[in-house]
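All remarks here apply to the structure that follows.
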Amino acid sequence: MTVRRQPLFRRTAGYALQAINLVGLLLLVLIFALPFVWMISTSLKTLPETMIFPPEWIPRNPVWQNYAEAWGTGPFLHYFTNSIIVAGGILVLQLATIIPAAYAFARYKFAGSGFLFGIVMVTLMIPAQLIFLPVYLELSSWKLLNTHLGLILPFASSAFGIFLLRQAFMQVAEELIEAARLDHASEWKVIIHIMVPLVKPVLVTFMLFSFIAHWNDYFWPLVMTTNETARTLPIGIAKIREVEGVATWNTLMAGNLILVTPILIVFFFSQRQIIRAFVYNGVK
Amino acid sequence: MTAWEKLRPYGMVAPAIIIFSLFFIYPIFYMIYLSMFDWNFVSPTKSFVGLQNFRDLLTDADFRKVLSNTTVYTVLTVTLTTVISLVLALWLNRKGLFYGFVQGAIFSPHIISLVSISLLWSWLMDPEYGLMNGVIGLFGFGKLAWLSHPSTSLISLVIVAVWKGVGYNTLVFIAGLQSIPADIYEAAALDRSKPWTTFSKLILPMLSPTIFFLVIINMLGSFQVFETIAIMTQGGPINSTNTLVYYIYENGFRFFKIGYASAAGVILLVIVGLLTLIYFRLLSKRVHYR
């Protein structure tokens with residue numbers, strides 16, 4: 001740093017650094033994008049083509065048939081509907097339970113609220129994966145295994161959601177609520193017509209978070225279901241692998257794309273929102 | 001205040017609290033209770049064995065292997081993810097369309113289902129035709145068996161976890177870096193502080209709450225790894241990738257050793273509980289510097 005360099009040298013060095021930086025960035029993108037490209041490429045190959053090494057990136061005659069084949073390995077329409085019902089059902093129930101709870105925790109003083117909020121915090125800290133065995137036995141004794149309800153109920157509320165929304169509700173100015181109350185608005189009206197619209201960004205954030213998490217979930221449907229009735233898309237996709245003795249990577253990757261595409265499309269269109277949902281709210 | 005107004009808040013929190021009690025709080029106690037019994041799920045009677053399940057677990061060589069696998073996996077995953085993400089964050093913390101694009105690209109695995117990622121990487125790590133062997137071949141390495149050899153299987157899973165987690169961690173670090181006030185950098189520049197000094201004396205301490213948050217979150221996540229193992233290795237070869245949640249799953253659902261699996265669950269609960277406690281203890285002491 002102390003040595004004075006010639007301006008020309010400095011300029012060249014600057015360009016060189018910029019070039020290195022750019023190459024580095026492209027390499028970085030490659031590391032994270034290449035596997036997905038490889039997946040798409042494989043999903044369009046014939047089985048013998050998957051075994052050519054070094055691989056050909058662009059299949060000569062794309063085999064769209066692989067997708068139909070993957071879809072045909074199981075009742076995929078059924079899996080798909082189940083996924084929508086489960087992820088959607090969880091989302092709806094979560095909204096119905098977290099909005100009033102978050103409002104009460106944010107706006108009312110009541111005896112025992114500290115203790116009850118403590119329960120929320122414990123739930124926030126204890127990962128659901130940890131207690132799957134007792135929950136399984138519980139659902140089993142209620143005859144709820146292999147049902148949509150059994151997959152939905154354990155997640156019908158969300159501690160994370162309550163926590164997030166409570167923070168948002170607390171930031172709404174008291175005057176707004178007082179004004180509405182003077183107009184004799186009921187508490188429900190206050191919540192639905194004033195509070196909810198004001199915290200819409202937080203709510204959308206939470207909805208994205210919840211839907212993606214439960215759409216992707218493999219663990220609970222795997223543990224809580226033993227037959228096809230309530231099984232979801234991730235289970236169906238993972239099963240393609242078990243069906244065949246030989247790994248038919250082309251079919252498997254086609255199936256995999258069926259699972260990934262909806263999320264990737266959502267991500268493509270709401271990248272900023274999703275990143276904010278996952279990153280910033282996790283930290284704060 | 002009418003009676004209705006007094007009761008209203010309880011009514012509003014009730015649905016959520018009932019769900020939590022039924023599916024989180026009660027199961028925790030039920031699991032602790034079950035851990036003291038010998039029960040195979042089918043038989044109508046449970047026989048009380050006290051702490052025998054725990055004694056059996058701790059003397060079981062398989063379980064010790066599981067614990068050490070979980071620890072090795074966690075330590076490697078957390079360390080690599082944190083270090084790589086911090087470096088990437090310092091590099092990518094810039095404005096501009098292209099940087100935004102790169103940030104989005106490295107983040108994308110975070111929202112993809114672990115099933116997809118596991119299947120994709122099983123294919124990438126295929127010993128014969130997988131892309132990974134092609135890539136390391138470019139650097140003159142011979143073919144690796146990746147998931148199918150006990151010496152490389154665990155590290156292969158670590159690679160997948162780091163690949164999936166780095167993007168999220170990087171963006172959290174970037175969020176942390178952006179919350180550092182600009183005047184601090186300016187002051188450092190005015191003092192002609194060397195880049196390394198600025199980093200170690202200013203940035204690192206200011207980032208410590210973020211680092212701490214990420215390390216704990218990643219540790220909690222790593223201790224519960226399941227999907228990649230269930231799909232990519234099933235705990236094998238020769239138990240080299242069996243970890244806590246998978247072990248509990250196996251014992252509960254394959255061998256129907258409910259009490260034994262519950263005892264392992266209680267051990268996991270204790271570990272997770274301790275980590276959380278450490279997190280809150282240190283958080284309450286404020287790792288913050290403002």
Side-chain angles (χ1 to χ4, degrees), chain A residues 25 28-29 32-33 35 38-39 42 50-51 53-55 97-98 100-101 103-105 108 110 116 119-120 122-123 125-127 129-131 133-135 138 153-154 156-157 159 162 187 212 216 218-219 223 234 237-238 241 249 252-253 256 259-260 263 267 271 274-275 278-280 282-283, chain B residues 8-10 12-13 15-17 19-21 23-25 27-28 30-31 34 98 102 104-116 119-121 123-124 126 129 131 134 167-168 171-172 175-176 210 213 220 224 226-227 230-231 245 248-249 252-253 258 261-262 265 268-269 272 276:
Chain A
L25 288 172
L28 203 58
V29 173
F32 288 90
W38 171 251
M39 174 161 117
T42 305
T50 60
M51 294 169 195
F53 208 87
T97 57
I98 68 170
Y103 183 81
F105 281 127
Y108 297 131
F110 53 103
L116 292 173
I119 292 182
V120 177
V122 168
T123 313
M125 290 306 136
I126 298 293
Q129 275 217 28
L130 207 149
I131 43 164
L133 198 60
V135 175
E138 196 179 20
L153 269 186
S157 191
I162 292 177
E187 288 295 285
I212 292 176
N216 284 341
Y218 173 70
F219 185 71
V223 169
I237 305 294
R241 201 177 172 195
W249 291 113
L252 192 53
M253 288 304 120
N256 210 357
L259 180 63
V260 175
I263 297 292
F267 183 59
Q271 188 186 329
I274 288 186
I275 289 182
F278 279 76
V279 176
Y280 291 82
V283 190
Chain B
R8 189 167 52 198
Y10 299 102
M12 290 171 91
V13 299
I17 297 293
I19 294 288
F20 294 151
S21 310
F23 297 105
F24 279 90
I25 309 297
I28 292 174
Y30 189 35
M31 185 166 77
L34 283 171
F98 190 57
V102 179
I106 65 169
F107 178 80
S108 60
H110 183 68
I111 54 156
I112 301 293
S113 164
L114 267 165
V115 171
S116 298
L119 292 173
L120 172 58
W121 278 87
W123 172 215
L124 291 167
D126 186 282
Y129 310 108
L131 189 62
Y168 168 76
L171 289 184
V172 174
T210 312
F213 166 81
L220 288 172
Q224 300 160 58
F226 175 82
E227 281 88 345
I231 292 173
V245 173
I248 299 172
Y249 169 80
F253 290 87
I258 302 294
S262 298
L268 181 56
L269 181 74
V272 168
T276 315

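Labels below follow one simple rule: chain letters A, B, ... track the order of the sequence lines, proteins then strands, and each chain is numbered from 1.
No other option in B:P109, B:P15, B:A16, B:G167 has as many heavy-atom pairs under 4.5 Å with chain A as B:A16. Heavy-atom pairs under 4.5 Å with chain A were tallied for B:I28, B:I17, B:L171, B:L131; the largest tally goes to B:L131. The residue among A:Y218, A:W249, A:Y103, A:F267 with the most heavy atom pairs within less than 4.5 Å of chain B is A:W249. No other option in A:A101, A:A238, A:P154 has as many heavy-atom pairs under 4.5 Å with chain B as A:P154. Chosen from A:P100, A:A156, A:P234, the residue pairing most often with chain B at heavy-atom distances under 4.5 Å is A:P100. Ranking A:P134, A:A159, A:P127 against chain B, the residue ahead of the rest is A:P134, based on heavy-atom pairs under 4.5 Å. For chain A, the option among B:Y30, B:W121, B:F98, B:W123 with the highest count of heavy-atom pairs below 4.5 Å is B:W123. Considering only heavy-atom pairs separated by less than 4.5 Å from chain A, the leading option among B:S21, B:G252, B:G104, B:G176 is B:G104. In terms of heavy-atom pairs under 4.5 angstrom with chain A, the leader among B:A230, B:G265, B:P27, B:A105 is B:P27. In terms of heavy-atom pairs under 4.5 angstrom with chain A, the leader among B:I106, B:T276, B:L34 is B:I106.
Contact check for A:F219 versus B:V245: side-chain heavy atoms found under the 4.5 Å cut-off. With contacts defined as side-chain heavy-atom distances shorter than 4.5 Å, the pair A:V223/B:Y249 qualifies.
Of the atoms belonging to B:L220, not a single heavy atom falls under 4.5 Å from chain A. With a 4.5 angstrom heavy-atom cutoff, B:I112 touches chain A via backbone and side-chain atoms both. Using a 4.5 Å cut-off between heavy atoms, A:L130 contacts chain B through both its backbone and its side chain. Residue contact with chain B, scored on non-hydrogen atoms closer than 4.5 Å, involves the side chain of A:Y108 exclusively. Both the backbone and the side chain of A:M39 come within less than 4.5 Å of a heavy atom of chain B. Using a 4.5 Å cut-off between heavy atoms, A:I162 contacts chain B through its side chain alone, with no backbone atom that close. Contact annotation for A:A33: neither backbone nor side-chain heavy atoms come within less than 4.5 Å of a heavy atom of chain B. With a threshold of 4.5 angstrom between heavy atoms, B:V102 approaches chain A through its backbone and through its side chain. For A:I98, no part lies near chain B; criterion is any non-hydrogen pair under 4.5 Å.
When all heavy atoms are compared, the tightest approach of B:F253 to A:L133 is CE1-CD1, 3.8 Å. Residue A:S157 comes nearest to B:I19 through the heavy atom pair N-CG2, 3.8 Å, listed as atom of the first residue, atom of the second, then distance. In terms of heavy atoms, A:Q129 sits closest to B:E227 at NE2-OE1, 3.8 Å. Nearest heavy atoms, A:T123 versus B:I25: OG1-CD1, 4.4 Å. What you find for A:I212 and A:I274 is that their closest heavy atoms are CD1-CD1, 4.0 Å.
Between B:F24 and B:F20, the angle of the ring planes goes over 60°, which puts this pair in the perpendicular group of the 30/60° scheme. Ring geometry for B:Y168 against B:H110 counts as parallel: the plane angle stays under 30°, on a 0 to 90° scale with 60° as the upper cut.
A side-chain donor-acceptor contact under 3.5 Å links A:N216 to the backbone of B:I111. Using modelled atom types, one side-chain atom of A:R241 and one backbone atom of B:I231 make a donor-acceptor pair closer than 3.5 Å.
Aromatic pair B:Y10/A:F110: centroids less than 6.0 angstrom apart.
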